[in-house]
Amino acid sequence: MLKDHLSFQRKTNQSDPIPGREKEMHKNAAGGYVFSVDDQTRLERFLILGTDGGTYYCDEKEHTVDNFKAILKYLNKDASSVLETTSKLSDEGRILKNDTAIAVLAIAWANGYRKEVETVFDKIIRIPTHLFMFMDFIKQVYNGKFKSSRRMRRMLGNWYYNNPNLVYHMLKYQSRQGWSHRDVIRLAHIQPKDKLMDNLFGFITGKDKTPEHPLVEAFIKLRQATTAMEVTDIIKNYNVTWEFVPTQFLKEKEVWEALLPNLPLTALLRNLGRLTALGVVEEFSDNARYVADRLTNIDNIKKARIHPVNVGIAMHTYSEGISHRGSLLWNPVRIIEEALDEMFYHSFANVEVTNKRFLIGIDASGSMTWQNVANTAMHSLDAATLVSLPILTKEPNSVAVGFDTKYQRLRVTKNTGWKDLRYQFNLGGGTDASLPFKYAIDNKTPVDVFVIFTDNETWYGDEHPVQALERYRDKMGINSKLIVASMTATDSSIADPNDPYQVDVVGFDPSYPKIINEVAKMK
């Protein structure tokens with residue numbers, strides 16, 4: 001213990017490991033030494049953050065392969081834990097895109113963990129899009145050929161047999177990822193269990209069969225409709241959702257007014273600009289109030305698995321008044337903007353005020369602006385700024401510091417928005433993750449909890465972040481806690497795994513404020 005304490009008392013350049021801790025550290029992609037995270041942390045980072053776009057230091061393929069190797073290693077050690085974690089995070093909506101969970105399923109299946117995959121399959125594969133993606137991953141794993149088996153056929157058949165929304169799903173998601181229901185039914189040799197399923201399979205695969213079901217009736221009538229008035233009547237009579245409506249009618253105001261009452265929350269969030277541009281949602285209108293009420297309903301947000309980052313993207317796009325492709329323009333409605341802001345905070349789990357003293361460090365180095373996270377329009381710095389707001393705007397005793405190879409104090413109030421914070425940064429160089437602690441030392445700032453949003457590619461400083469934290473603790477006489485919110489799915493962390501007051505979280509995880517609350521209250 002004395003040796004460890006003394007190693008923290010002296011400074012060690014980040015390009016070298018801390019003396020006595022060499023076995024616990026490795027060189028990150030930028031050339032600095034950091035701690036290695038455990039298998040569970042690595043899995044959660046991959047599931048929540050994904051590997052789209054790679055990182056500043058390695059391309060997407062290399063980044064993905066590294067993560068797949070780590071997942072396989074963990075599967076070989078404890079397959080049940082891997083798949084239980086994957087199922088839990090997917091089911092709770094903590095994964096921004098379900099692709100990563102489906103990839104884990106495919107890796108597990110291909111490596112013999114089939115009983116474990118069957119146990120969680122229906123919890124992760126919730127809609128046909130997920131099913132087709134799983135089929136495609138399996139095909140890729142087996143070098144371009146889908147490899148079936150009796151167990152695979154039984155699992156796929158059970159997905160169809162036990163699906164309570166099968167008619168809706170088969171009509172809405174007829175093909176994705178180059179796969180269709182015809183392909184799955186053929187490869188899995190799925191036999192209909194009753195007359196409805198027999199007719200449904202025949203209808204979907206182009207045979208002369210028509211199931212007796214109101215959704216099928218509506219589907220056929222919509223394909224035959226020639227006017228917006230006909231489409232509107234069908235929507236009202238059958239309560240169909242927007243995906244059933246032929247594309248040419250989705251430019252009509254009256255069609256969207258008919259769709260609005262039954263529009264799923266995710267679809268509502270994606271179509272706010274269109275609804276406003278068409279005049280369905282206008283300033284001071286009943287529709288605007290109705291939409292705002294739905295956007296801020298906590299139970300609906302939880303049930304729809306709405307991820308905070310998706311809300312953040314919708315906030316940004318809607319307030320800009322222009323679609324990403326520039327083909328749609330609208331004047332944002334105030335009540336909708338306010339509802340989106342409220343929805344953003346509701347989409348996080350348990351954002352409670354602790355009244356502890358927080359210092360939020362946001363890594364604004366060049367590597368944080370290199371990749372877009374989880375195939376969104378946001379790079380890591382955008383996302384870090386966004387997800388830091390629940391702490392910065394809710395905790396009355398909080399300060400924010402940006403850093404690269406120097407630190408920058410950021411201006412934040414309870415009314416600060418994402419863009420207000422994001423455009424303050426005047427950084428973009430190398431990375432020294434010890435700087436938030438040096439800022440607190442230089443300014444004698446009392447801090448109970450440091451929260452650092454970073455990609456963990458620190459390399460520049462003359463001392464390691466944990467050494468700077470220990471210096472701060474000694475100088476200030478405060479046993480400050482450290483929470484490292486990772487913004488990329490690597491195996492690195494600046495947090496000391498041997499210190500119970502230093503914790504790793506995933507920056508995109510909607511439950512991270514709850515974890516921060518728990519750590520902040522630790523004695």
Side-chain angles (χ1 to χ4, degrees), residues 1-46 55 57-58 66-67 69-70 73-74 77 359 361 363 365 367 403-405 407 430-441 447 449-507 515 519 522:
M1 289 297 294
L2 178 61
K3 181 181 178 182
D4 286 347
H5 182 71
L6 290 174
S7 72
F8 280 125
Q9 292 303 297
R10 59 176 178 262
K11 295 182 179 182
T12 306
N13 194 287
Q14 291 179 27
S15 60
D16 298 312
I18 297 171
R21 307 295 300 275
E22 292 89 349
K23 292 181 179 179
E24 302 164 69
M25 305 185 81
H26 68 271
K27 187 176 286 189
N28 64 22
Y33 274 85
V34 288
F35 292 102
S36 303
V37 299
D38 59 27
D39 294 331
Q40 181 70 14
T41 301
R42 184 79 188 271
L43 172 65
E44 291 181 6
R45 286 183 180 182
F46 170 74
T55 71
Y57 297 99
C58 66
D66 285 346
N67 274 274
K69 287 178 180 177
K73 175 188 169 187
Y74 193 12
K77 186 187 300 182
L359 189 148
D363 182 348
S365 61
S367 60
F403 65 90
D404 55 3
T405 56
Y407 57 65
T431 313
D432 179 2
S434 70
L435 287 172
F437 312 107
K438 292 178 178 177
Y439 170 89
I441 292 170
V447 178
V449 185
F450 289 91
V451 183
I452 311 297
F453 291 89
T454 179
D455 59 7
N456 293 291
E457 301 290 4
T458 188
W459 60 273
Y460 184 83
D462 61 356
E463 68 178 325
H464 282 268
V466 290
Q467 293 176 318
L469 172 60
E470 196 62 30
R471 272 203 308 124
Y472 173 83
R473 286 170 170 173
D474 285 347
K475 284 183 177 292
M476 296 295 292
I478 303 172
N479 190 23
S480 304
K481 303 168 182 72
L482 169 61
I483 298 166
V484 178
S486 179
M487 303 307 297
T488 54
T490 66
D491 61 349
S492 304
S493 177
I494 61 171
D496 182 356
N498 293 340
D499 185 338
Y501 296 106
Q502 298 187 41
V503 178
D504 278 293
V505 299
V506 183
I515 300 170
V519 173
M522 287 171 60

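- Checked by atom type, the side-chain pair Thr488/Asp455 shows no donor-acceptor distance below 3.5 Å.
- Nearest approach of Gly31 to Trp459, heavy atoms of both residues: C-CB, 4.4 Å.
- Using a distance-only test at 3.5 Å, with no hydrogens or angles considered, a donor-acceptor pair links the side chain of Ser480 to the main chain of Val447.
- Between Ala440 and Leu359 the shortest heavy-atom distance is CB-CD1, 4.1 Å.
- Judged by distance alone, the side chains of Ser434 and Gln467 never bring a donor and an acceptor atom under 3.5 Å apart.
- Remark: the Gln14 side chain and the Thr458 side chain contain an N/O donor-acceptor pair separated by less than 3.5 Å.
- Rounding to the nearest 0.5 angstrom, the gap separating the CD1 atom in Ile483 from the OH atom in Tyr501 is 13.0 Å.
- With sequence neighbours excluded, the residues that form a salt bridge (Lys or Arg N to Asp or Glu O under 4.0 Å) with Asp432 are Lys438.
- Note that CG of Asp16 is 7.0 Å distant from NE2 of His464, once rounded to the nearest 0.5 Å.
- Not counting sequence neighbours, the partners of Lys77 by the salt bridge (Lys or Arg N to Asp or Glu O under 4.0 Å) test are Asp39.
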Exercise for the section: Might you work through the side chain to side chain contact (heavy atoms under 4.5 Å, CB included) test for Ile18 and Phe35, ending with a clear yes or no? Expected result: CA-CA 10 Å; Ile18 297 171; Phe35 292 102; 4.3 Å; yes
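- Applying the side chain to side chain donor-acceptor pair (under 3.5 Å) criterion to Glu22, with sequence neighbours excluded, gives no partner residue.
- With Tyr74 as reference, Gln40 is the one residue of Gln40, Lys69, Arg42 to meet the side-chain hydrogen bond (donor to acceptor under 3.5 Å, both in side chains) rule.
- Note: Asp496 CG to Leu469 CG = 9.0 Å, rounded to the nearest 0.5 Å.
- Judged as a side chain to side chain donor-acceptor pair (under 3.5 Å), and not counting sequence neighbours, the contacts of Thr41 are Asp38.
- Residues Asp504 and Ser493 have side chains that bring a donor and an acceptor to within less than 3.5 angstrom of each other.
- Checked against ring-ring contact (aromatic ring centres under 6.0 Å, His included), Phe450 has the following partners two or more places apart in sequence or in another chain: Phe437, Tyr472.
- Taking all atoms of both residues into account, the shortest heavy-atom contact from Asp404 to Ser365 is CB-CA, 3.8 Å.
- The minimum heavy-atom distance linking Pro436 with Gly361 is given by the pair CG-CA, 4.2 Å.
- Between the NZ atom in Lys27 and the OG atom in Ser492 there is a gap of 12.5 Å [rounded to 0.5 Å].
- Considering every non-hydrogen atom in both Pro19 and Thr12, the closest pair reads CD-OG1, 3.4 Å.
- Remark: Phe453 CZ to Asp363 CG distance equals 11.5 Å, nearest 0.5 Å.
- Asn456 approaches Ile494 most closely through the heavy-atom pair OD1-N, 3.1 Å.
- With rounding to the nearest 0.5 angstrom, the CZ atom of Arg45 is 8.0 Å from the CG atom of Asp491.
- Tyr407 meets the ring-ring contact (aromatic ring centres under 6.0 Å, His included) test with Tyr439; sequence neighbours excluded.
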Practice task
Would you sort out whether Val34 and His26 count as a side chain to side chain contact (heavy atoms under 4.5 Å, CB included), showing the intermediate values?
Solution key: CA-CA 6 Å; Val34 288; His26 68 271; 3.9 Å; yes
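- With hydrogens and angles ignored, the 3.5 Å screen pairs no side-chain donor or acceptor of Glu457 with any backbone N or O of Asn28.
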